[in-house]
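Below is one structure, written out as structure tokens, with a few remarks after it.
Everything quoted here is computed from the prediction, not taken from an experiment. Side chains included, hydrogens not; waters and symmetry mates left out as well; all remaining heavy atoms used.
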Amino acid sequence: MASRAKNRGILLFLCVLSMNTVSGCELLGRFDMPSLFKEGDIMIGGIFPIFNKEIISTSVFDKEPPKVQCEGFDWRVFRWTQAVIFTIEEINNDPALLPNISLGYRILNSCDSPTNALRAALTLASGAEEADVTSHCPPAITAVIAEAGSTQSIAVAGIFGTFHVPVVSHFSTCACLSDRTKYPTFFRTIPSDYYLAKALAALVKHFGWQWIGAIQSDNDFGRNGILAFKEEVEKFGVCIAFVASVLRTYPRDTFLEVVEIIKQSSVKVILAFAAEGDFYPLMQEIVNQNITGIQWISCVAWITAPRPSTPEIYTAFGGTLGFVMQKKAIPKLKQFLTSINPYTDPHAPFVRDFWENMVGCTPILPGNTGNEATLKRCIGNETFMNSEHDFFDVTELRATHNVYKAVYAIAHALHQLVFCQPVGEKPVKLCLNLSEMQHKQVSKSLQRVNFTNHFGAEVYFDENGDPPANYEIINWQLINGKVHHVTLGNLTFAANGDYKLSIDEDKIVWRTGKTVPTSVCSNVCPAGTRKAQIQGKPLCCFDCVPCAADCTPCPKEYWSNERKDKCIPRTIEFLKYHEPMGIALTFVSLLGASVSLATMVVFVHNKETPVIKASNFELSSLLLFSLFLCFLCPLTFLGKPTVWSCMLRHTAFGVTFALCISCVLGKTIVVVTAFKATFPGNKVAGQFGHAQQRIIVCSCTFFQVVICALWLTSNPPYPHMLFTSSNNMIVLECNTGSEFAFYIVMGNIGILAIICLILAFMARKLPDNFNEAKLITFSMLIFCAVWITFIPAYISSPGKFTVAVEIFAILSSAFGLLSSIFAPKCYIIFLKPERNTKKHVMGKTIN
């Protein structure tokens, strides 16, 4: 409906503009909307809901529709209109701001209706209806201050945004209006609901409320506000029990249905994100049905409104908490307000309605057709000089101060535009002819406004046209029979979106007394019981049932005792040095390292013997050293995993075994080239000397070192707690971090081993007296068999036994290499020294 009304409004707007173009200032039709009007060099428009309800009339299409009728005079909104007039007069009297340029105004009533707000917008765009067709054309509206309601502002900003006319709102908070693609010229002096939703969520979180209800205006303001609020509180685990909608035009039955929802709900805290006019009928019904004991939370819209701030409403809504804009005092405004008099300008619209509401009598004016039948006639000497009505209290102004800032923001933007310099700089000289001023220029100048007004308030807009977000927290308290809005603290937002909440809880008057009310769907489960989710209910609603065997109400690192009434730490499991399995593995590891060192000593002592020379002493010594490191590697797998031990165990294993298999690969290539050299004319053996052997070993090992370095710098292994199926046990293990790097390391070792196996198998036909190719083939078969069987054993082993299986695989493969390659040589050295001759070693080759 709103989009259709907007489209119709745009069409009508274009028609009006075409009429003005063709016929000068002649209007072929008008909405006949009364307005507060004063001509100036530059005109500022205003649209305010001076009456808060439009009287709906049935339209017939055989004659012109009747004039719009409104009811419900709102003196707070009327004060906003007077604040516009006061501020414009103050600016006109200021020699530093827009000197020698007068501001004028035209203020219309929207009846708090989107449709009527559109009529008002089109009326402002079409020119002043007060001007006669024969008189000169008054200046066009340069900027507009509108509207109080977000839905009305959406309609108005959509119309004016198309033609680049800036619109500044003092009370529209819908976050949707920050969309610069839809509303490119919309500004406001009140923070967006984006921040209000965060503020309300922070308040709910602060007091620990988990189960709350919500009431929204059934329009853009209410729906967007509650949606943003729900998104924020759900981050804190808060559940929304219900969302009810209200609107001032709804029938009484709708409000009674909402009352029933509140009565049947178990919530003790309710947020009302609604306009005052929409929410007030529900407040009356709640008071009539004596619904008490609920802690109400309010948005900006109604908590400081004068109509509900009465002792009668307080009986059900006392202790209400909410956020409002920061208050300021405008001392000079009081004298201006008290000077309002219907006799000064008998034809001024809205003044007579104001007088009748304030004084309670009908002024005697020319052509008076007011409430003579219901109100007495005024004597003529009534005055407001000594009135104590809230209308004249200018010490705690919030929305009125926003209006004041809006007018000054427009004035500063105009000053910078027409004088090309900020306010206060001299000399002051026009740089732009007023007749050449474009709306788009005013909007751009308004975006750059940044000043501090007379009362210390900073006025500027961000890229979305929003002001800085700062709120005061207020509490409804009854003092001396009058409802007071007592400030308890504040909430300020930083530029990055972070906020700081400060609140004096000792000063809060709660609806339930002095204690903070609780609002939960289900109480915390007692010891020995656990939560059982109720199907179809929010997460905050649950039953408490006795704990079963699989109940885990404790934190992950804890487990309940046998009585299910206490959390005790779980047992952390890892392979320890001092347990039997750890001792056995440590012993075998050290034994293998000792045997490797002893074998190396034997090789060094007998390095001149034919058997040692034939097996390539340099590569054999390097292989024994790598096997020594391989035997020590399992020691890093024992003990409690730490960051350093996890990083060391996987990389040490990868590098040492790569070095080991690289040495075996070098020996295998030597054997193969020796086999090839037996053929006449083959010079391969001569080309594969010690230098080439070192290159093979170093390059294969260096590749593994590079992979491990990248692994450690990108996503290294780290300690990880594994919560096993046995709930009272935590297995502390090392997570590989990057599985891809782990598989590359293992794959590199596997590829080297397979190459060794293939090459050694090809050289198995060497002389039988000392055929090292057969030994290498056998050792590689053992190595591959161990690691192939390791995979299923590793996967199926539980807890710390997975580490034991990995250690066993490392030791088994290392012992296989040590025994297969070096045991025959030691056998000849110690038990068959007669075979340790060059003739015997080269037996078949010589023959």
Side-chain angles (χ1 to χ4, degrees), residues 1-2 47-54 56 70-80 109-117 120 146-157 169-177 188-193 196-197 200 213-229 243-252 254-255 258 270-286 296-310 313 317 320 322-325 398-400 402-403 471 474 476 485:
M1 291 299 292
I47 304 174
F48 295 89
I50 302 172
F51 292 87
N52 56 35
K53 189 174 183 180
E54 181 180 355
I56 306 298
C70 301
E71 62 181 359
F73 182 83
D74 192 329
W75 60 258
R76 181 173 69 151
V77 178
F78 182 72
R79 183 168 65 183
W80 298 344
N109 170 39
S110 69
C111 292
D112 213 3
S113 159
T115 305
N116 219 44
E147 232 271 10
S150 294
T151 301
Q152 293 85 282
S153 286
I154 288 173
V156 172
S169 175
H170 61 289
F171 212 58
S172 296
T173 58
C174 182
C176 57
L177 287 162
R188 52 184 156 196
T189 53
I190 185 171
S192 163
D193 282 341
L196 182 59
L200 292 168
I215 295 173
Q216 65 181 14
S217 284
D218 197 6
N219 53 28
D220 299 278
F221 164 67
R223 288 190 292 268
N224 284 284
I226 288 297
L227 181 62
F229 173 75
V243 177
S245 299
V246 294
L247 201 63
R248 69 194 67 198
T249 56
Y250 283 175
R252 184 168 181 262
T254 304
F255 291 97
V258 176
I270 300 178
L271 166 66
F273 211 106
E276 180 251 335
D278 298 333
F279 188 52
Y280 185 72
L282 181 63
M283 300 176 83
Q284 290 178 310
E285 294 296 340
I286 290 173
W296 290 90
I297 308 174
S298 170
C299 64
V300 173
W302 64 268
I303 192 167
T304 57
R307 183 165 57 158
S309 300
T310 61
I313 299 297
F317 291 84
T320 296
F323 291 94
V324 291
M325 304 79 69
R398 302 181 193 276
T400 305
N402 284 349
V403 173
Y471 295 100
I474 65 171
W476 271 21
H485 309 134

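Annotation: the span from Asn52 atom CG to Ser110 atom OG amounts to 10.0 Å, rounded to 0.5 Å. In this structure, Glu54 CD and Asn116 CG are separated by 5.0 Å, a value rounded to the nearest 0.5 Å. To the nearest 0.5 Å, the span separating OH on Tyr280 from CD1 on Ile313 amounts to 4.5 Å. Expressed to the nearest 0.5 Å, how far CZ of Arg248 lies from CG of Leu282 amounts to 13.5 Å. If you take CD1 on Ile154 and CG on Asn224, they are separated by 7.0 Å, rounding to the nearest 0.5 Å.
Here the shortest heavy-atom pairing between Ser245 and Thr254 reads O-CG2, 4.4 Å. Across Ile303 and His485, no two heavy atoms sit closer than the pair O-NE2, 3.4 Å. When all heavy atoms of Gly277 and Arg307 are compared, the pair lying nearest together is CA-NH2, 3.6 Å. Annotation for Ala305 and Glu276: closest pair CB-CG, 3.5 Å, computed over non-hydrogen atoms. Across Cys174 and Phe221, no two heavy atoms sit closer than the pair CB-CA, 4.5 Å. Heavy atoms only, all atoms of each residue included: Ile297 and Leu200 are closest at CG2-CD2, 3.7 Å.
A perpendicular orientation is assigned to the rings of Phe317 and Trp302, their planes being inclined by more than 60° (bins at 30° and 60°). Ring geometry for Tyr471 against Phe323 counts as perpendicular: the plane angle is over 60°, on a 0 to 90° scale with 30° as the lower cut. Using cut-offs of 30° and 60° for the angle between ring planes, the Phe73 and Phe51 rings count as perpendicular.
A distance-only check finds a donor-acceptor pair linking the side chain of Asn109 to the backbone of Ile50 [under 3.5 Å]. Under the 3.5 Å distance criterion, the side-chain polar atoms of Ser172 are matched with a main-chain donor or acceptor of Glu147. At least one donor-acceptor pair under 3.5 Å links the side chain of Arg398 to the backbone N or O of Met325. Arg223 contributes a side-chain N or O that, together with a main-chain N or O of Asp218, makes up a donor-acceptor pair within less than 3.5 Å. For Ser150 (side chain) and Asp220 (main-chain N/O), no donor-acceptor pair under 3.5 Å exists by modelled atom type. With hydrogens and angles ignored, the 3.5 Å screen pairs a side-chain donor or acceptor of Thr189 with a backbone N or O of Asn402. Proximity of a side-chain donor or acceptor of Arg76 to a complementary backbone N or O of Pro306 within less than 3.5 Å is not detected.
With Phe279 as reference, Trp296 is the one residue of Phe255, Phe273, Trp296, Tyr250 to meet the ring-ring contact (aromatic ring centres under 6.0 Å, His included) rule. Considering Thr173, Asp193, Leu196 as possible partners of Cys299, the one that fulfils the side chain to side chain contact (heavy atoms under 4.5 Å, CB included) test is Leu196.
Within the 4.5 Å cutoff, the side chain of Trp476 has heavy atoms near those of the Ser309 side chain.
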**Report entry** Evaluation steps, side chain to side chain contact (heavy atoms under 4.5 Å, CB included), between Leu247 and Asn219
**Finding:** CA-CA 8 Å; Leu247 201 63; Asn219 53 28; 3.9 Å; yes

